[in-house]
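Since the structure comes first, as structure tokens, the remarks are kept for the end.
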Amino acid sequence: MAHICSVKAQCSCHVIASFIILVLFFSTDMFKRVVRQSKFRHVFGQAVKNDQCYDDIRVSRVTWDSAFCAVNPKFVAIIVEASGGGAFMVLPLHKTGRIDKAYPTVCGHTGPVLDIDWCPHNDQVIASGSEDCTVMVWQIPENGLVTSMPEPVVVLEGHSKRVGIVTWHPTARNILLSAGCDNVIIIWNVGTGEAIITLEDMHPDIIFSVCWNRNGSLICTACKDKKVRVIDPRKEEIVAEKDKAHEGARPIRAIFLSDGKVFTTGFSRMSERQLALWDPDNMEEPVSVHEMDTSNGVLLPFYDPDTNVVYLCGKGDSSIRYFEITDEAPFVHYLSTFTTKEPQRGMGYMPKRGLDVNKCEIARFYKLHERKCEPIIMTVPRKSDLFQDDLYPDTAGPEAPLEAEEWFEGKNGDPILISLKHGYIPGKNRDLKVVKKNILDNKLSKNTENTTPAIKTATSTPSIKSEAKLDEVLKEMKSLRELVSSQEKRIAKLEQQLSKMDI
């Protein structure tokens with residue numbers, strides 16, 4: 001009997017010991033996976049009150065996967081429904097509440113506007129791409145629009161199909177990139193109104209997204225052929241590419257991170273939404289891949305290079321998910337999700353210099369509903385009222401380190417950083433001046449040897465267009481003169497007949 005008891009006791013001891021080992025194993029494993037030190041683990045989002053929203057706005061219904069909204073420290077721009085053309089609304093940030101139906105718009109396009117982007121070096125300059133195959137650049141008055149604006153500063157014509165993507169160079173002044181449904185990427189010098197670089201044969205299908213890297217020396221693109229490409233635009237060559245980055249048929253998005261890695265969102269073969277991290281030096285296998293859910297909304301990534309946090313906003317979703325990118329496995333760490341009841345039609349993302357540092361605000365989104373725009377504030381809870389250096393490292397300011405000509409000559413420049421310790425105080429923006437070159441100068445430059453063969457100079461289309469218009473006006477004047485002279489003869493004849501009747 002005693003022997004049986006001792007055996008039972010030994011067995012129970014073994015069970016308890018093995019149970020303790022299992023608990024320790026799983027707890028340490030869970031600790032490694034779940035409890036990770038990060039100052040952004042407790043970031044929370046909060047929608048503003050109704051009186052701080054922008055109400056009664058007819059947000060565009062066009063079927064195109066762009067954000068439909070662009071924000072900077074002065075203005076919020078929203079693509080809206082417009083009869084007989086394309087338009088977008090530009091509102092000063094403080095103009096909240098109900099927006100009058102007669103509020104002026106930027107309305108120069110003859111087809112729906114598909115994408116808009118504020119210039120990072122001038123808070124009053126915005127570019128727009130449209131279904132009418134043109135790109136237009138606009139200078140908004142300092143206090144916003146008083147009347148509708150039909151005339152842009154410059155019209156950039158070069159695409160043969162609708163223009164779905166416009167994005168400014170991050171460090172060189174007056175350089176704008178556009179991508180159209182003609183599968184062509186054009187890099188413009190806005191200061192002269194010329195197409196300087198044209199990338200024609202790199203994409204066999206529609207381009208879904210284009211993004212500059214931190215200093216603007218490279219671009220990464222996502223295409224309908226399921227390839228993600230890293231391109232050197234000045235050499236006009238593909239540096240790296242990955243076939244079937246995401247195997248699903250739905251659109252892919254690709255953005256550069258500050259360390260040069262590429263972050264992509266797309267769909268798996270089973271139509272699950274995915275996100276992946278890639279190293280351009282070795283694109284064979286992803287650094288990290290995560291499956292998310294089976295929703296069909298395209299994920300729009302917004303990246304904060306200062307904090308290395310990526311925010312994912314799905315079109316038609318009612319949530320914003322955020323992830324922190326680090327150098328340790330699994331490299332992409334899920335932080336949290338902000339959820340509301342209403343789905344989003346589009347999303348604007350405020351640059352860091354437009355945030356309220358006194359409230360520990362690390363991001364602000366402008367969520368588009370069907371009839372309104374709702375700001376959403378992301379904050380890190382802190383007890384101290386002092387400036388939080390760890391949340392606000394020096395960020396990219398509005399000053400451009402390079403001029404357009406310097407970049408086209410081959411120079412690179414990192415963003416000029418500013419401190420947000422005392423908040424951002426906007427300086428005086430200089431006016432955008434466009435100097436059209438003489439068409440004869442272009443012909444001369446074509447005949448002479450070009451020192452940088454990678455750069456193609458487009459002929460100045462606006463002067464050809466103006467000559468055609470002049471001919472048209474002269475023809476019309478001639479026909480009017482003929483009409484006037486024939487009417488004069490008719491009047492003289494009638495006067496003669498009238499005089500005879502009087503007699």
Side-chain angles (χ1 to χ4, degrees), residues 60-70 77-82 84-90 105-119 125-139 149-169 174-190 192-212 219-224 229 231 233 251-254 298 300 315 346 348 432 434 456 458-462 465:
S60 175
R61 293 174 177 275
V62 70
T63 51
W64 185 253
D65 288 322
S66 75
F68 288 168
C69 182
I78 301 159
I79 302 174
V80 293
E81 284 285 292
F88 60 95
M89 195 174 269
V90 176
T105 57
V106 179
C107 54
H109 285 287
T110 55
V113 178
L114 299 178
D115 197 19
I116 48 177
D117 193 34
W118 286 106
C119 177
V125 172
I126 189 168
S128 57
S130 166
E131 276 192 14
D132 64 10
C133 308
T134 65
V135 177
M136 294 185 181
V137 180
W138 313 82
Q139 175 122 13
M149 184 180 277
E151 289 295 322
V153 178
V154 63
V155 181
L156 305 173
E157 294 173 307
H159 288 284
S160 59
K161 290 187 179 177
R162 60 184 182 168
V163 182
I165 298 166
V166 287
T167 176
W168 292 91
H169 193 283
N174 287 349
I175 292 179
L176 180 68
L177 179 150
S178 64
C181 291
D182 50 6
N183 314 333
V184 173
I185 290 174
I186 300 177
I187 298 174
W188 308 86
N189 183 344
V190 175
T192 59
E194 292 177 297
I196 306 295
I197 298 170
T198 305
L199 307 175
E200 287 179 298
D201 304 318
M202 292 185 178
H203 300 88
D205 216 322
I206 290 172
I207 301 160
F208 288 137
S209 78
V210 182
C211 178
W212 296 95
I219 58 173
C220 72
T221 66
C223 180
K224 197 176 179 180
R229 296 170 174 85
I231 299 167
I252 300 171
R253 286 282 184 281
V298 175
L300 306 177
K315 272 215 155 185
L432 173 64
V434 179
K456 296 182 195 170
T459 48
S460 181
T461 50
K465 196 176 177 184

Legend entry - Check: His159 main-chain N/O paired with Asp182 side-chain donor or acceptor under 3.5 Å: no
Inset, instruction - Please check if the side chain of Ser130 supplies one atom and the backbone of Pro112 the other of a donor-acceptor pair under 3.5 Å. - result: yes
Inset, instruction - Report the distance from atom CD1 of Ile197 to atom CD1 of Ile231, rounding to the nearest 0.5 Å. - result: 11.5 Å
Legend entry - Derivation of the side-chain contact (heavy atoms from CB on, under 4.5 Å) call for Ile116 and Trp138: CA-CA 11 Å; Ile116 48 177; Trp138 313 82; over 6 Å; no
Legend entry - Verdict with reasoning, His169 to Ile187, per side-chain contact (heavy atoms from CB on, under 4.5 Å): CA-CA 9 Å; His169 193 283; Ile187 298 174; over 6 Å; no
Legend entry - Min side-chain heavy-atom separation Val166-Ser178 under 4.5 Å: yes
Inset, instruction - Could you tell me the separation between the CD1 atom of Ile186 and the CD atom of Glu157, rounded to the nearest 0.5 Å? - result: 11.0 Å
Inset, instruction - Provide the closest heavy-atom pair for Asp65 versus Pro251 in the form atom of the first, atom of the second, distance. - result: OD2-CG, 3.7 Å
Inset, instruction - For residues Asn174 and Trp168, report the shortest heavy-atom separation together with the two atoms involved. - result: CA-CZ3, 4.2 Å
Legend entry - Arg162 (side chain) donor-acceptor with Leu114 (main chain) under 3.5 angstrom: no
Legend entry - Side-chain (Lys315) to main-chain (Trp64) donor-acceptor, under 3.5 angstrom: yes
Legend entry - Test log, rule side-chain contact (heavy atoms from CB on, under 4.5 Å), inputs Asn183 and Ile206: CA-CA 5 Å; Asn183 314 333; Ile206 290 172; 4.3 Å; yes
Inset, instruction - Return the minimal non-hydrogen interatomic distance between Ala77 and Ile126, and the atom names on each side. - result: CB-CD1, 3.6 Å
Legend entry - Side-chain donor/acceptor of Thr167 to backbone N/O of Leu177, under 3.5 Å: no
Inset, instruction - Would you indicate whether the side-chain heavy atoms of Phe208 and Val298 approach each other to under 4.5 Å? - result: no
Legend entry - Euclidean distance, Ile207 CD1 relative to Lys224 NZ, rounded to 0.5 Å: 13.0 Å
Legend entry - Heavy-atom check, side chain of Met202 versus side chain of Ile185, under 4.5 Å: no
Inset, instruction - Identify the two heavy atoms, one from Gly108 and one from Met136, that lie closest to each other, and give their separation to 0.1 Å. - result: O-CE, 3.6 Å
Inset, instruction - Flag the pair Val153 / Val125 as yes when at least one side-chain heavy-atom distance between them is below 4.5 Å, and no otherwise. - result: no
Inset, instruction - Kindly determine whether Val210 and His203 satisfy side-chain contact (heavy atoms from CB on, under 4.5 Å), including the steps that lead there. - result: CA-CA 12 Å; Val210 182; His203 300 88; over 6 Å; no
Inset, instruction - Identify the two heavy atoms, one from Leu199 and one from Pro233, that lie closest to each other, and give their separation to 0.1 Å. - result: CD2-O, 4.1 Å
Legend entry - His109 backbone acceptor or donor facing Asp132 side chain under 3.5 Å: no
Legend entry - Where Ala87 and Ala82 come nearest, the two heavy atoms and their spacing: CB-CB, 3.7 Å
Inset, instruction - Look up atom CZ in Phe88 and atom SG in Cys107, then write down how far apart they are to the nearest 0.5 Å. - result: 9.5 Å
Inset, instruction - Please confirm whether the backbone N or O of Leu156 pairs with a side-chain atom of Trp188, one donor and one acceptor, at under 3.5 Å? - result: no
Legend entry - Among Asp115, Leu300, Val113, the one residue meeting side chain to side chain contact (heavy atoms under 4.5 Å, CB included) with Ser66: Asp115
